[in-house]
Amino acid sequence: MSKLIYLDNAATTKTAPEVVEAMLPYFTEYYGNPSSVYSFAAQNKEVITQQREIIANALGAKTEEIYFTAGGSESDNWALKATAEAYGNKGKHIITTKIEHHAILHSAEYLEKRGYEVTYLDVDEYGVVKLDDLKAAIRPDTILISVMFANNEIGTIQPIKEIGEIAHEHGILFHTDAVQAFGQVPINVDECHIDMLSASGHKLNGPKGIGFLYIRKGVKIRSFVHGGAQERKRRAGTENVPGIVGIGTAIERAVRTMQERTKKETEVRDYLIKRVLEEIPYTRLNGHPTKRLPNNANFSFQFIEGESLLIRLDMKGICGSSGSACTSGSLDPSHVLLAIGLPHEIAHGSLRLTLNEEITKEDIDYVVDSLKEIVAYIRQMSPLYED
Amino acid sequence: MSKLIYLDNAATTKTAPEVVEAMLPYFTEYYGNPSSVYSFAAQNKEVITQQREIIANALGAKTEEIYFTAGGSESDNWALKATAEAYGNKGKHIITTKIEHHAILHSAEYLEKRGYEVTYLDVDEYGVVKLDDLKAAIRPDTILISVMFANNEIGTIQPIKEIGEIAHEHGILFHTDAVQAFGQVPINVDECHIDMLSASGHKLNGPKGIGFLYIRKGVKIRSFVHGGAQERKRRAGTENVPGIVGIGTAIERAVRTMQERTKKETEVRDYLIKRVLEEIPYTRLNGHPTKRLPNNANFSFQFIEGESLLIRLDMKGICGSSGSACTSGSLDPSHVLLAIGLPHEIAHGSLRLTLNEEITKEDIDYVVDSLKEIVAYIRQMSPLYED
Amino acid sequence: MYSAKVMDHFEHPRNVGEIEDASGVGTVGNAKCGDIMRIYLDIDENQIIKDVKFKTFGCGAAVATSSMATEMVKGKTVQEAMEVTNKAVMEALDGLPPVKVHCSLLAEEAIHAALWDYAQKNGITIEGLQKPKSDIHEGEEDEAEEY
Amino acid sequence: MYSAKVMDHFEHPRNVGEIEDASGVGTVGNAKCGDIMRIYLDIDENQIIKDVKFKTFGCGAAVATSSMATEMVKGKTVQEAMEVTNKAVMEALDGLPPVKVHCSLLAEEAIHAALWDYAQKNGITIEGLQKPKSDIHEGEEDEAEEY
Ligand SMILES: Cc1ncc(COP(=O)(O)O)c(C=O)c1O
Ligand SMILES: Cc1ncc(COP(=O)(O)O)c(C=O)c1O
Ligand code: FES
Ligand code: FES
């Protein structure tokens, strides 16, 4: 296929060539184990500290508050399960939302089976958590509030600062899954009263298989992966040095380019949204119109099933994703789309397009033109359309 | 430093250039998320299956029995904690050994705090588990036996087949931490009745931050990392495609070169052992004389502390490791050296040298000559030497 | 993910459309689950299926199996059409991914539902044909267990 | 890991050796924990440390602090030698990694133990000097709590 318009940057991103460049020496040249005594490994130890500094700076955090993991899922599992454990004698109630990533939701379910109680907050039609609901859900035995910074499907950005303040006032730990937001919106852990924050390398042009968990100093959290004394004895396993260099370099890059990049993306995305809503009937935008990730657009096309749409887009060289159950072979469409109140049949016809800085308006024109044609084609073979 | 003789291949290895080569396209070219619908990601899905096949073939296992993880530590944590959970209603007794890696030992301690009972088997002076002890330790409520294939410090290879048979006869699950052995000795999971096996990429010239857990079909194990439906719903997290390609390529290479490589390493290692024992007084070899990993030599030099030795070797461009407590800043020297019966003061003076295929006898001559000089120098300033 | 045959039938689905005054129409599936399939049969007096059309709301496999199934029953007698099982359709498509097997079941059911409709209208019985569990014309919500 | 100064003193330790008929000898540490330090002092009638030697079984930091500490007390009066604390030694070495601070404590203790030995032998008191807790000549095993 000649043309490739990659509009699935929320699923994963291209590792930036400069990131790969930075990683390369750590495979075959400085391959030593950072825990070693000899000077051959000193460079590795040093470079890990540097990456920690870059990340800490990006968040307004301290160097020793950054703990490397294998990705967003591990960070989320760690944050939930190991704080639940550490604070279990203080209380067994956790508050999260209905629109979290499965790494949070399934960890929460795991805890529910082990005697914890979890409140899953509703969201409004735009996917925003209602602060009053949050306040009402707080109990004396609430030990943790976990609310994602921005949603991976509909891109809605939560009022994290307000949530952090509520948590702080009640002396409750606050974790945020910032896997989608970090690198796209400025984040300061102190301003937002964030105690823990999950992030993943491959969502911001870093490598796959590396992430981190920010843990505020003073938070008693247990280990999730037990073993060696790496990461200040909190996360075992030989350090993934190339991965760490990769995520550090990617974050440095993301922070440096954030303003310009997201400005451009927002403009192109808004152009996309405008054209789609104006030119394709029976279509809605999912997520908040303005409080959304700069690169996220999410539509529902009535009478259409998502996988069919994705495959036809693919035939035109366009990569997107869908909340349809059919893409995953499960019965229920995306829990996020259901949580914002979409009926099942409409949730099935959703399409998420997530941009990167290289996408131009010309690309978007091609995408929208293709989309119009495809949506019309699928609709004419849909038994629902005429109904 | 001009000269570099890297003799710490048990800590980590150089990623083979051909492995890096194989990984590279998956960073910037085929970067798609393997769970996606579009054909751009099909290559990724395909290549992951290929790696699984390579690994399954290497072990005599089935493709769908290989689950990728972030490394040996995660595999060990997963194997212990999640089987304990799944079989907890059958029994709460686990058998392991005193010489396991901390990833096993600390996971076992974690389980002990949660109502499980763990028997830590002693080993003989060579570090070999006594089969009679194992048999005697088995109880009706024993659900899991976890014995490492080969020890990371002293290189001793366990009678895995016999252990597997005992486990099998009693209907008890058998896990082995093969992080050090895989790629160095042939392993067949059926012959050895292995139900679960941990391995790590960076120990066999693959990348850091990737490993796998072999789980025999039919073993009920829970997830350790909860979230998305990756790895047949058993291990969440966007697949580390470059890492998976890296470990697969490395394993293919390790299996292909095993016979020739280990033959050469054994020869060079035996030359090293012979010269050291003959030429340096008050020295002993730790581990089994023959049933040991082909690339492992482990010595204790009386009257000497390990870190000092390592730093002086480093000054000569030689990278080794030690079981001394001083290298880690803890009080107790290696639990493995203590388990084989070394007194503390002798355990402190230990040195592990682990070869790779590039090490020549000439290198070894330089190492032994340096070692003689350094050991003599440190001894003359030791208050213990004259005693 | 999909075989070349599946992709071909998905990309160029055969027999899309409707038949006015069809001899039999069957609609199965459930929009909530993301799949609805409707099949129209035009059957002559010799019980031969002269024409067949379909409309499908569903995934790639659903579209491809609809297309293939309609191709396979066209020109057959109603009795022969009974042999167009989901297995036969899948084989003709060079297989489907395991999670997509239920979509091919839908095609079989849709044909059966259309045949049932035809049989009902004409007061005949077709050997082996049972009342479809999930024709949407009868009670809507009771078919979720199937897959 | 170690500063250049530490590495220098480790690589070229000053004052390694023994002093026969020393005015005071102190041995501290514990071989089980991987560190033993012995300091020999040659003190003249004006209570000036004319010479000092050491022997150390221990890590890089232990060797370097022994070396630096001996340098720092040489030529000093016994009273001045009391000011050579582990902090002073660490500063002179441009710092030590946190896990290695206890090794510098050992150097301070070894000097104190040697001074105590000297004071005992000569029946004098040195201001601020207390009986060393961990001189190996007295009861061997009770010093582990220190670090
Ligand atoms: C025997 C053994 N098990 C487990 C591990 C842990 O592997 P990793 O560091 O890749 O997590 C290691 C290496 O450190 C090892 O030698
Ligand atoms: C919001 C959110 N949290 C967590 C994750 C999991 O991250 P990873 O796949 O890197 O484990 C993702 C991405 O899949 C995500 O979008
Ligand atoms: S129609 Fe939903 S999976 Fe095929
Ligand atoms: S002497 Fe053991 S750590 Fe310094």
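Each chain gets a letter, A, B and so on, in the order the sequences are listed, and its residues count up from 1. Below, each value reflects all heavy atoms present in this structure, side chains not excepted, and no hydrogens, waters or symmetry copies. Predicted model, so just to flag it, every value in this text is computed and none were measured.
- Put simply, OG1 on Thr12(A) and CG on Asn44(B) are 9.0 Å apart, with the number rounded to the nearest 0.5 Å.
- Of the listed residues (Gly71(A), Ala236(A), Ala41(A), Pro207(A)), the one with the most heavy-atom contacts under 4.5 Å to chain B is Ala236(A).
- To the nearest 0.5 Å, the span separating OH on Tyr31(B) from OG1 on Thr15(A) amounts to 9.5 Å.
- Annotation: the span from Tyr38(A) atom OH to Ile5(B) atom CD1 amounts to 13.5 Å, rounded to 0.5 Å.
- Neither the backbone nor the side chain of Ser200(A) comes within less than 4.5 Å of any heavy atom of chain B.
- Residues Val225(A) and Glu74(B) come closest through the heavy atom pair CG1-N, 4.1 Å.
- If you measure heavy-atom distances from Ala229(B) to chain A, you find no contacts under 4.5 Å at all.
- Looking at Ser321(B), there are no atoms closer than 4.5 Å to chain A (heavy atoms on both sides), in backbone or side chain.
- The heavy-atom pair separating Ser73(A) from Gly237(B) by the smallest distance is OG-CA, 3.3 Å.
- Phe27(B) places a side-chain heavy atom less than 4.5 Å from the side chain of Met23(A).
- Side chain of Asp314(A) to main chain of Ser39(B): a donor-acceptor pair is present (N/O by atom type, distance under 3.5 Å, no hydrogens or angles).
- In terms of heavy-atom pairs under 4.5 angstrom with chain A, the leader among Gly243(B), Ser107(B), Cys319(B) is Cys319(B).
- The minimum heavy-atom distance between Lys208(A) and Gly32(B), with the atom names listed, is CE-O, 4.1 Å.
- Between the NZ atom in Lys203(A) and the OG1 atom in Thr238(B) there is a gap of 4.5 Å [rounded to 0.5 Å].
- At a 4.5 Å heavy-atom cutoff, the contact between Tyr6(B) and chain A is made by side-chain atoms alone.
- Between chain A and the residues Arg222(B), His202(B), Glu307(B), His101(B), the largest count of heavy-atom pairs under 4.5 Å involves His202(B).
- Within the 4.5 angstrom heavy-atom criterion, only side-chain atoms of Val20(B), from C-beta onward, approach chain A.
- The part of Glu239(B) that comes within reach of chain A is its backbone (N, CA, C, O), which places non-hydrogen atoms under 4.5 angstrom from that chain.
- Looking at heavy atoms from C-beta onward, Lys81(B) lies in side-chain contact with His226(A) at the 4.5 angstrom threshold.
- In this structure, chain A has a heavy atom under 4.5 Å from the side chain of Leu24(B), while its backbone stays farther away.
- For a residue to count as touching a neighbouring chain, one of its non-hydrogen atoms must lie under 4.5 Å from one of that chain's; by this rule Glu85(B) touches chain A with the side chain only.
- Across all non-hydrogen atoms, the minimal contact from Ala70(B) to Arg235(A) is CB-NH2, 4.1 Å.
- Annotation: side chain of Asp8(A) is not in contact with side chain of Phe40(B) (no heavy-atom distance under 4.5 Å).
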- For the pair Asn77(A) and Phe224(B), evaluate side chain to side chain contact (heavy atoms under 4.5 Å, CB included) and give the outcome as yes or no after the intermediate values. CA-CA 9 Å; Asn77(A) 274 258; Phe224(B) 177 58; over 6 Å; no
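- Of the atoms belonging to Ser223(B), not a single heavy atom falls under 4.5 Å from chain A.
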